[in-house]
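Accompanying notes for the structure given below.
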There are 2 protein chains.
Amino acid sequence: MARSDFDLIDFLPYLLNQAAEKSSLGFQAYYKGTYGFLRTEWRVLFHLGRYGEMTAVEIGARAMIHKTKISRAVARLTERRFLTRREDMADRRREVLSLTPLGRKAFEDLCEKAAVYDRDCVAGLSEEEQRVLRAALRHLANIPRD
Amino acid sequence: MARSDFDLIDFLPYLLNQAAEKSSLGFQAYYKGTYGFLRTEWRVLFHLGRYGEMTAVEIGARAMIHKTKISRAVARLTERRFLTRREDMADRRREVLSLTPLGRKAFEDLCEKAAVYDRDCVAGLSEEEQRVLRAALRHLANIPRD
DNA sequence: TATTGTTATACTCTATAACTATA
DNA sequence: TATAGTTATAGAGTATAACAATA
């Protein structure tokens, strides 16, 4: 690509940021509007719902979120009765987190909505294009294939 | 997709955000480390270098950046001698912006680096995969094909 | 000494309202 | 009234250092 031909509009980081921002807005509006969640709160809720009770450090390892963010998300979610903390009697530094019934309902609702939202995002792309897109994104994000 | 199969790791907004963040870091480190630019400053500099002198409102229209962000970026770039403002005598509300020689050098350097960076990002993807990826991203970002 | 979780701090990015000066 | 540009403010995201309690 000659220097004079270079254009931001084709620059991958730019394209990715625009697409990420646009594609996040709709779903964000739902979980924020319905439950008042921030992004990290939705992600913490998701991991507890999907993989069962665990500690903040374990969530962090799975979701690649720093423990300070998790700490604040857990505080808000607990305060608002979406999850509960249980002290680990064998190691009193640790707190095992799990969803309340309210949290589980939110989790299930949000998963359903997310699946629909995902399908809406890729409507207009062929099966093959969707496959290439997700594989390329996993590659760019350094997420192993499985 | 059954509800129990849904996983954030395949959720498009999540994948896009991870890929966008990862792919932005390296280039951001360069323009921040070398010139001390923030993202909006690099984008404003780019538009003036690529399309010639124009006003803040015109940059905003081209780059889809709000005028308040542009105002702050222009203030910083002017203060640091990367661009100059010239009052439009025919309409004294408008200020025509253009790059200084210093600004042009930074623009040319950053464009070269960006082109290389872009190639590095997609190394490992076939030509066809790259084409599908960019087209899909433009589709998701609602950026017209040309 | 190392680990779990919390708090404090700072910086970036985004969004909106209100203001000025000009037209 | 409308437009170009500025300033103020608030919310959200990110990153890091330092701390208390426990191991």
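Within every chain, numbering begins at 1; the chains are lettered A, B, ... in the order of the sequence lines, protein sequences first and strands thereafter. Because only heavy atoms are used, hydrogens play no part in the values below, and waters and symmetry mates are left out as well, while side chains stay in.
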Can you tell me if the side-chain N/O atoms of [X] get under 4.0 Å from OP1 or OP2 in [N]?
| X | N | answer |
| --- | --- | --- |
| B:Arg39 | C:dT14 | yes |
| B:Lys69 | C:dC13 | no |
| A:Arg85 | C:dT6 | yes |
| B:Arg93 | D:dG5 | no |
| B:Gln28 | D:dA15 | no |
| A:Lys67 | C:dT3 | no |

**OP:** Could you grab the distance from atom CG of A:Asp7 to atom CZ of B:Arg50, nearest 0.5 Å is fine?
**Re:** 4.5 Å

**OP:** Could you pick out which residue, B:Ala90 or B:Leu38, lies toward the 5' side of DNA chain C when each is mapped onto its nearest nucleotide?
**Re:** B:Leu38

**OP:** Give a yes or no on whether the ring-centroid distance for B:Phe27 and A:Phe11 is below 6.0 angstrom.
**Re:** yes

Original post:
Are A:Phe107 and A:Phe82 close enough that their ring centers fall under 6.0 Å?
Top reply: no

Original post:
Looking at C:dT6, D:dT7, D:dG5, which one has an atom nearest to any side-chain atom of B:Val57?
Top reply: D:dG5

**OP:** Name the closest nucleotide to the A:His66 side chain, picking from D:dA4, D:dT16, C:dG5.
**Re:** D:dT16

**OP:** Check the distance between D:dT7's P and B:Arg76's CZ and give it to me in whole angstrom.
**Re:** 15 Å

